J.: 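Right, I'll just put the structure down here and ask away after.
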Amino acid sequence: MQLSPHDRLFVLTGAGISAESGLATFRGSGGLWNGYRVEEVATPEAWEADPELVWRFYSMRRRDALAAQPNPAHRALARVEEKLGDRFYLCTQNVDDLHERAGSRRMHHMHGTLFQSRCVRCNKPFPDRSFYETADDLPTCKTCRSPIRPHIVWFGEIPLDMDGIYRELDRATTLLVVGTSGSVYPAAGFVHVANQRAIRSVYVGPEEPSNADAFDQIILAPASEALYDSWCLQT
């Protein structure tokens with residue numbers, strides 16, 4: 001599928017693209033971490049019950065993300081952004097920074113990012129690459145002394161800037177979805193919005209997503225192969 005000089009591309013990426021860089025997809029691995037279900041370490045209730053456990057989980061994820069490297073799929077999307085400029089927008093469900101390290105700039109982390117934290121009271125995100133793995137390590141706000149939490153959208157919380165995401169989707173002529181399960185809303189509903197607006201929709205990944213029937217085109221292949229082969233990213 002070739003993009004015309006007037007097309008606008010909206011890209012949604014999920015855990016599958018990061019999995020090709022070796023990062024765990026908890027949904028695909030039974031949802032377990034050290035014997036805990038992810039819901040037990042990634043919810044507001046988990047935070048209230050055991051912030052030390054939550055911070056150990058996210059410290060581990062920070063270590064893993066720092067050790068990972070962008071793969072050809074990340075680099076391909078960054079290259080497309082260079083060509084399309086303002087006609088490109090990337091929305092990721094991932095909380096790692098592999099897209100940024102590959103060179104992506106016009107992008108939004110709808111579920112937050114591993115490398116920011118925020119005060120539960122001040123609610124202002126700030127850069128943070130530290131590891132908090134014991135009770136003595138747990139950070140507090142320098143201004144109000146309230147606890148510092150990961151700047152992550154947990155289960156049961158609303159993704160960041162949904163209004164802005166839908167504005168970008170409304171402007172698109174093509175929706176490219178890469179490596180998602182198709183079962184996590186609201187992101188899984190983007191393809192249905194695209195259908196209502198006559199926006200072309202393409203899915204890339206090694207397995208069909210749960211919402212496969214909603215796409216105009218399905219490419220069953222690893223993203224690092226399919227995107228670099230430029231089957232849909234001709235500009």
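Note that the structure is a prediction, hence the values are computed from the model and not measured. Scope of the values below: all heavy atoms of this structure, side chains included, with no hydrogens, waters or symmetry mates. Positions are given from 1 along the sequence.
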J.: Distance check, rounded to the nearest 0.5 Å: Leu169 atom CG versus Arg197 atom CZ?
T.: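 Answer for the CG-CZ pair, Leu169 versus Arg197, is 6.5 Å.
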J.: Does Trp154 belong to the same Ile/Leu/Val/Met/Phe/Trp/Tyr cluster as Tyr36, with side-chain heavy atoms less than 4.5 Å apart forming each link?
T.: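 Cluster IDs for Trp154 and Tyr36 match.
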J.: Is the side chain of Asp128 donor-acceptor paired with the backbone N or O of Ser117 at a distance under 3.5 Å, no angle test?
T.: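 No; zero donor-acceptor contacts below 3.5 Å.
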J.: Please find the pair of heavy atoms, one from Leu160 and one from Ile165, that lie closest to each other, and give the distance.
T.: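 Nearest heavy atoms, Leu160 then Ile165: O-CD1, 3.8 Å.
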J.: In terms of side-chain geometry, is the basic nitrogen of Asp86 or Arg106 positioned less than 4.0 Å from the acidic oxygen of its partner?
T.: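 Judged by the 4.0 Å cut-off on N to carboxylate O distance, Asp86 and Arg106 do form a salt bridge.
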J.: Treating Asp161 as the side-chain partner and Gly164 as the backbone partner, does any N or O pair qualify as donor plus acceptor under 3.5 Å?
T.: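 Judged by distance alone, yes, a pair lies under 3.5 Å.
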J.: Is any side-chain heavy atom of Phe57 less than 4.5 Å from a side-chain heavy atom of Pro150?
T.: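 The answer is no, as the side chains (C-beta and beyond) never meet within the 4.5 Å cut-off.
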J.: Hydrophobic cluster membership, with links at side-chain heavy-atom distances under 4.5 Å among I/L/V/M/F/W/Y: are Met60 and Trp47 in one?
T.: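 Same cluster.
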J.: Going by salt bridge (charged side-chain N to carboxylate O under 4.0 Å, His left out), name the residues that satisfy it together with Arg8, two or more places apart in sequence or in a different chain.
T.: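 So Arg8 forms no salt bridge (charged side-chain N to carboxylate O under 4.0 Å, His left out) with any residue.
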J.: Just wondering, do Asn195 and Val193 contact through their side chains at under 4.5 Å, heavy atoms?
T.: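 With C-beta onward as the side chain, the pair stays apart.
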J.: How about CD on Glu207, more than 12 heavy atoms from neighbouring residues, nucleotides or ligands closer than 6.0 Å, or not?
T.: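 No.
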J.: If you round to the nearest 0.5 Å, how far is CG of Leu53 from OH of Tyr58?
T.: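 Those atoms lie 10.5 Å apart.
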J.: Output, in order, the C-alpha distance, side-chain angles, deciding distance and verdict of side-chain hydrogen bond (donor to acceptor under 3.5 Å, both in side chains) for Ser59 and Glu133.
T.: CA-CA 7 Å; Ser59 294; Glu133 297 170 311; 4.9 Å; no
J.: For residues Leu12 and Gln93, determine if any side-chain heavy atom of one lies less than 4.5 Å from a side-chain heavy atom of the other.
T.: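 When only atoms from C-beta onward are counted, Gln93 and Leu12 do touch, with a gap below 4.5 Å.
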J.: Are Leu23 and Leu90 in one and the same hydrophobic cluster, where Ile, Leu, Val, Met, Phe, Trp and Tyr link if side-chain heavy atoms are under 4.5 Å apart?
T.: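 Cluster IDs for Leu23 and Leu90 differ.
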J.: So does Glu168 pair up with Arg171, basic N to acidic O under 4.0 Å?
T.: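 Salt bridge present between Glu168 and Arg171.
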J.: Who passes side-chain contact (heavy atoms from CB on, under 4.5 Å) against Arg129, sequence neighbours left out?
T.: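 Counting only residues at least two positions away or on another chain, Arg129 forms a side-chain contact (heavy atoms from CB on, under 4.5 Å) with Leu66, Asp97, Phe115.
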J.: Which of these, Val178, Thr180, Ile219, sits in a side chain to side chain contact (heavy atoms under 4.5 Å, CB included) with Tyr203?
T.: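 The single option meeting the side chain to side chain contact (heavy atoms under 4.5 Å, CB included) with Tyr203 is Thr180.
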J.: Looking at CG of Asp170 and CD1 of Ile199, how far apart are the two atoms once the value is rounded to the nearest 0.5 Å?
T.: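 Going from CG on Asp170 over to CD1 on Ile199, the span is 6.5 Å.
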J.: Specify the closest pair of heavy atoms between Glu40 and Ala46, including all atoms of both residues, with the distance to one decimal.
T.: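 Looking at all heavy atoms of both residues, the shortest contact is O-CB, 3.0 Å.
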J.: Is it true that Glu157 and Arg149 make a salt bridge, defined as a side-chain N closer than 4.0 Å to a carboxylate O?
T.: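 Yes, this pair counts.
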J.: Dump the intermediate steps for side chain to side chain contact (heavy atoms under 4.5 Å, CB included) on His111 and Ile152, then the final yes or no.
T.: CA-CA 6 Å; His111 291 158; Ile152 300 290; 5.7 Å; no
J.: Rounded to the nearest 0.5 Å, what separates atom OG1 in Thr43 from atom CZ in Arg37?
T.: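 Separation between the atoms: 12.5 Å.
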J.: Would you sort out whether Asn94 and Thr13 count as a side chain to side chain contact (heavy atoms under 4.5 Å, CB included), showing the intermediate values?
T.: CA-CA 7 Å; Asn94 300 330; Thr13 62; 4.1 Å; yes
J.: Going by heavy atoms in the side chains, are Ser181 and Pro209 under 4.5 Å from each other?
T.: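 With C-beta onward as the side chain, the pair stays apart.
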J.: Report yes or no: does Asn211 contribute a side-chain atom to a donor-acceptor pair with the main-chain N or O of Ala188 at less than 3.5 Å?
T.: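 Flag set: sc Asn211 to bb Ala188 pair under 3.5 Å.
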J.: Quick one: does Glu81's side chain have a donor or acceptor within less than 3.5 Å of a partner on Phe88's backbone?
T.: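 It does not hold such a pair.
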J.: Are any non-hydrogen side-chain atoms of Val80 and Leu9 less than 4.5 angstrom apart?
T.: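 A side-chain contact exists here, since the closest heavy-atom pair is under 4.5 Å.
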J.: Minimum heavy-atom separation for Arg62 to Ser130, with atom names?
T.: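 Looks like NH1-O, 2.6 Å.
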J.: Measuring from Cys91:SG to His99:NE2, what's the distance to the nearest 0.5 Å?
T.: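 Rounded to the nearest 0.5 Å, the SG-NE2 separation comes to 9.5 Å.
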J.: Identify whether Leu114 and Val41 are in the same connected component of the hydrophobic contact network (ILVMFWY, side-chain heavy atoms under 4.5 Å).
T.: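 Shared cluster, yes.
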J.: Minimum heavy-atom separation for Pro70 and Arg101, please, with both atom names.
T.: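 Heavy atoms of Pro70 and Arg101 come nearest at CG-CB, 3.8 Å.
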J.: Could you go step by step and tell me if Val202 and Val177 meet the side chain to side chain contact (heavy atoms under 4.5 Å, CB included) rule?
T.: CA-CA 6 Å; Val202 182; Val177 177; over 6 Å; no
J.: Please report the closest heavy-atom contact between Glu100 and His109, naming both atoms and the distance.
T.: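 Heavy atoms of Glu100 and His109 come nearest at OE2-NE2, 2.6 Å.
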J.: Please check this pair: side chain of Gln217 against backbone of Ser201, looking for a donor-acceptor N/O pair closer than 3.5 Å.
T.: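 Side chain of Gln217 to backbone of Ser201, a donor-acceptor pair under 3.5 Å: no, none is there.
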J.: Are Met107 and Ile17 connected in the hydrophobic side-chain network, where two residues link if heavy atoms are under 4.5 Å apart?
T.: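 Same cluster.
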J.: Check whether any side-chain N or O of Glu20 sits under 3.5 Å from a backbone N or O of Ala223 as a donor-acceptor pair, and report yes or no.
T.: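 Yes.
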J.: Identify the two heavy atoms, one from Ile148 and one from Trp55, that lie closest to each other, and give their separation to 0.1 Å.
T.: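 Looking at all heavy atoms of both residues, the shortest contact is O-NE1, 2.9 Å.
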J.: Between Leu227 and Leu77, does a side chain to side chain contact (heavy atoms under 4.5 Å, CB included) hold up when you go through it step by step?
T.: CA-CA 8 Å; Leu227 297 187; Leu77 291 174; 3.9 Å; yes
J.: Could Arg63 and Phe131 be counted as a cation-pi pair, given that NZ or CZ must be under 6.0 Å from the ring centre and within 45° of the axis?
T.: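 Satisfied, under 6.0 Å and within 45°.
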J.: Within the 4.5 Å heavy-atom criterion, are Pro51 and Pro147 side-chain neighbours or not?
T.: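 Side-chain contact under 4.5 Å: no.
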J.: Between atom CZ of Phe10 and atom OG1 of Thr174, what is the distance when rounded to the nearest 0.5 Å?
T.: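 Interatomic distance, Phe10 CZ to Thr174 OG1, rounded to 0.5 Å: 12.5 Å.
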J.: Is Asn123 atom CG crowded by more than 12 heavy atoms from other residues, nucleotides or ligands, each under 6.0 Å away?
T.: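 Check passes, neighbour count above 12.
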J.: Look at the rings of Phe190 and Tyr166 and say which category their plane angle falls in: under 30° parallel, 30 to 60° tilted, over 60° perpendicular.
T.: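 The arrangement is perpendicular - the two ring planes meet at more than 60°.
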J.: When Ser21 is tested against each of Asp96, Asn71, Asp64 for side chain to side chain donor-acceptor pair (under 3.5 Å), which residue passes?
T.: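 Of Asp96, Asn71, Asp64, side chain to side chain donor-acceptor pair (under 3.5 Å) with Ser21 is met by Asn71 alone.
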